[in-house]
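Per chain, numbering begins at 1; letters A, B, ... match sequence-line order.
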Amino acid sequence: MDNTDELQFQDFEEVSNLLSLDPDASTLPASPPGEEDIKLDLAEDDEGVQEMSKLLDGGTPTGGFWTFEYYRSFFNVDTVQVLDRMKGSVMPLPGRNFIKHYLRSKPDLYGPFWICVTLVFSVAISGNLSTFLSQRGDQTYHYRPQFHKVTIAAVVIFMYAWLVPLCAWGFLTWRRGVEGQAGGYTFMETVCVYGYSLFIFIPTSLLWIIPVEWLHWLLILVSTLVSGSVLVLTFWPAVRDHTKLTAVATLVTIVILHSLLAIGCKMYFFQTAVHMAVPESTTLHNTMVTTQVTKAH
Amino acid sequence: MSDADSRPFFSALPEVSVSEEVRVEGNISMASAPKDDGFSTLDEPVRDTVLRDLRAVGTKFVHVLYPKQSQALLRDWDLWGPLLLCVTLALLLQGGSVDSREDGGPQFAEVFVIVWFGSVVITLNSKLLGGTISFFQSLCVLGYCVMPLTVALVVCRLVLLGGSGTASFVVRLVLVSASFGWSTFASTAFLADSQPPNRKALVVYPVFLFYFVIGWMILTFSPAQ
């Protein structure tokens with residue numbers, strides 16, 4: 001039948017002739033040198049790396065956002081990777097874009113979520129401890145756990161960790177759409193970089209227990225500088241194609257919001273003895289007024 | 001082809017004709033109630049039912065006290081124990097410094113939310129990371145392992161009856177730290193095997209944080225003056 005002919009081994013006479021002429025010739029498909037250079041360029045291009053890693057790691061989430069598997073794809077990280085990302089968030093090196101270098105199209109939600117939770121409790125607990133330590137000399141001071149501060153800290157920090165990346169991502173996507181550029185960050189990557197950038201505030205909040213005012217401000221400066229530069233280095237490639245004014249304004253806003261969070265936390269949770277003395281004097285004044293009033297009667 | 005050839009297997013059997021009617025007699029009524037066959041617990045006294053559940057809860061408490069790989073907590077999970085412990089914890093944490101409602105300790109609802117919502121979040125976390133333990137088994141383990149901390153709270157309140165100076169603080173600190181370590185160790189003994197090996201630390205850390213927060217709430221309990 002006809003099929004059996006096609007199933008027979010087909011001998012390519014040309015190849016066998018060439019091989020007989022030069023037995024040591026390579027039998028792999030040869031590409032001209034120009035094409036190889038182009039391939040290398042593609043590999044160094046960020047887009048190429050992103051697409052290749054997406055294909056290799058299967059990082060794109062499957063299913064709709066209402067399925068369990070969708071969220072499982074965001075927890076596809078090992079201990080080593082999480083530690084690596086946390087390390088990268090405190091070391092802003094000029095050549096390294098956090099998203100491109102550490103995330104590589106595998107943003108995770110484990111890091112941001114648990115860093116936020118830890119930060120909430122560390123800020124609340126350290127604030128409580130620092131209030132206690134700064135008032136140990138006062139005899140009338142009675143220790144209070146101040147548990148309501150946990151709720152406040154949780155609301156503030158989680159809102160920051162979700163709303164600010166939403167605004168940043170929305171703004172960048174809108175600008176990208178207006179100016180017709182490609183290659184932006186996804187929402188999950190933005191959330192991820194913001195979440196990891198909050199990591200440095202955990203040791204900072206623990207160090208804020210020491211009730212020395214200038215130390216608090218120094219720590220705010222250092223931590224805002226470090227995490228702010230990580231954010232700036234991450235978002236610089238996304239805004240450098242915009243006009244100079246927009247680019248600078250965007251980056252400045254990001255840094256200002258970040259420092260506002262740090263300063264706000266410090267002011268509310270870590271009031272030192274100077275601030276606490278003010279309500280003491282008003283209560284004294286009130287008791288004096290009431291005693292005068294009762295004496296008048 | 002003849003019949004014998006087409007039915008080679010059946011040729012050895014005797015021919016049976018069922019043309020006549022065959023009478024079938026007998027009683028097919030079942031016994032009125034199966035006595036003590038273990039399947040129906042509808043007729044037993046209420047006391048037996050309650051005691052059986054209490055015994056199950058008690059066995060699990062013992063397993064937490066001496067944590068070793070046991071199937072009782074995992075296979076026969078129940079949520080009575082965690083509920084009991086959570087209510088005890090929340091009730092004992094009341095009566096703290098309540099001169100100002102804002103500055104006091106955690107409210108009853110806050111303790112409940114932290115324990116239950118925290119357990120649910122940790123369970124979801126371990127499932128998302130690829131754990132093989134089921135949802136309720138994990139809730140059961142995390143709830144039962146709160147027991148050392150509850151015992152520590154009871155002892156702390158007794159210590160506070162004797163005074164609230166530095167000595168009592170040191171004693172309470174040691175007590176709470178020991179029970180926190182015990183709780184974390186017990187729950188990781190039960191939960192660790194169900195996790196992929198390169199993610200164990202990612203699963204253990206939230207458990208550590210959970211018991212640390214509960215321990216903090218216990219340690220900072222200060223009685224009303």
Side-chain angles (χ1 to χ4, degrees), chain A residues 61 67-86 108-129 131-132 135-136 139-154 158 202 206 271 276 279 283, chain B residues 90 93-94 96-111 113-114 117-118 121-122 124-131 135 160 164-166 169 195-225:
Chain A
T67 61
F68 192 71
E69 272 62 39
Y70 179 79
Y71 296 104
R72 204 162 181 166
S73 60
F74 293 119
F75 279 76
N76 197 12
V77 280
D78 296 336
T79 313
V80 178
Q81 286 175 323
V82 172
L83 290 174
D84 199 33
R85 291 173 187 192
M86 292 200 299
D108 70 298
L109 282 181
Y110 177 91
F113 180 74
W114 288 108
I115 288 177
C116 286
V117 171
T118 314
L119 186 63
V120 164
F121 285 113
S122 82
V123 162
I125 291 177
S126 312
N128 197 309
L129 277 177
T131 319
F132 172 69
Q135 297 219 306
R136 281 183 75 193
Q139 290 303 315
T140 59
Y141 177 69
H142 175 61
Y143 173 72
R144 292 167 173 166
Q146 291 176 318
F147 206 75
H148 66 288
K149 296 210 165 173
V150 172
T151 325
I152 298 174
F158 272 96
I202 296 176
L206 291 174
Q271 296 155 345
M276 292 301 281
T283 49
Chain B
L93 280 173
Q94 299 308 299
S97 56
V98 285
D99 24 0
S100 145
R101 282 202 65 196
E102 280 225 324
D103 273 0
Q107 305 291 321
F108 186 92
E110 280 174 347
V111 176
V113 162
I114 285 184
F117 193 60
V121 166
I122 294 176
L124 280 178
N125 176 64
S126 79
K127 284 191 80 67
L128 283 168
L129 281 170
F135 183 75
L160 277 170
S164 54
T166 318
F169 176 74
Q195 305 302 326
N198 51 344
R199 296 178 182 182
K200 279 210 166 65
L202 295 184
V203 173
V204 168
Y205 171 70
V207 175
F208 168 88
L209 187 66
F210 176 63
Y211 291 124
F212 181 81
V213 169
I214 296 181
W216 171 257
M217 287 198 297
I218 292 173
L219 189 61
T220 60
F221 174 77
S222 57
Q225 295 197 334

Note to self: Please determine whether side chain to side chain contact (heavy atoms under 4.5 Å, CB included) holds for the pair B/N125 and A/F113, giving the CA-CA distance in whole Å, both sets of side-chain angles, and the decisive distance to 0.1 Å.
What the structure shows: CA-CA 10 Å; B/N125 176 64; A/F113 180 74; over 6 Å; no
Just how far is it from atom [atom1] of [X] to atom [atom2] of [Y], taken to the nearest 0.5 Å?
{"X": "B/R199", "Y": "A/N76", "atom1": "CZ", "atom2": "CG", "answer": "5.0 Å"}
{"X": "A/F121", "Y": "B/W216", "atom1": "CZ", "atom2": "CH2", "answer": "12.0 Å"}
{"X": "A/W114", "Y": "B/I122", "atom1": "CH2", "atom2": "CD1", "answer": "5.0 Å"}
{"X": "A/H148", "Y": "B/Q107", "atom1": "NE2", "atom2": "CD", "answer": "11.0 Å"}
{"X": "B/L128", "Y": "A/E69", "atom1": "CG", "atom2": "CD", "answer": "9.5 Å"}

Notebook entry, point to check: Considering residues, nucleotides and ligands other than A/F158, do more than 12 of their heavy atoms fall under 6.0 Å from its CZ?
Noted result: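 Yes, enclosed.
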Checklist line | Check: B/E110 and A/T151 side chains under 4.5 Å, non-hydrogen atoms | finding: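 They are in side-chain contact.
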Next item on the list: State, with a plain yes or no, whether a side-chain heavy atom of A/V117 is found less than 4.5 Å away from one of B/F210.
Entry: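 The answer is no, as the side chains (C-beta and beyond) never meet within the 4.5 Å cut-off.
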Check: Among all residues two or more places apart in sequence or in another chain, which pass the side chain to side chain donor-acceptor pair (under 3.5 Å) test with A/T118?
Finding: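 By the side chain to side chain donor-acceptor pair (under 3.5 Å) rule, A/T118 matches B/Y205.
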Notebook entry, point to check: How would you list, by chain and number, every residue that makes a side chain to side chain donor-acceptor pair (under 3.5 Å) with A/S122, sequence neighbours excluded?
Noted result: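 Per chain and number, A/S122 pairs via side chain to side chain donor-acceptor pair (under 3.5 Å) with A/S205.
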Checklist line | Winner by heavy-atom pair count (cut-off under 4.5 Å) against chain B, out of A/D108, A/V82, A/I125, A/L83 | finding: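 Counting heavy-atom pairs under 4.5 Å, the top option is A/I125.
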Notebook entry, point to check: What part of B/L219 gets closer than 4.5 Å to chain A, counting heavy atoms only: side chain, backbone, both or neither?
Noted result: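 It is neither, since no heavy atom gets under 4.5 Å.
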Margin query: Between B/L209 and chain A, with a heavy-atom cut-off of 4.5 Å, which part of the residue counts as in contact: side chain, backbone, both or neither?
Written below: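 For B/L209, the side chain is the part near chain A, not the backbone.
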Check: So, does A/Y110 use its side chain to make a donor-acceptor pair with the main chain of B/L202 at under 3.5 Å?
Finding: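 Checked: pair present.
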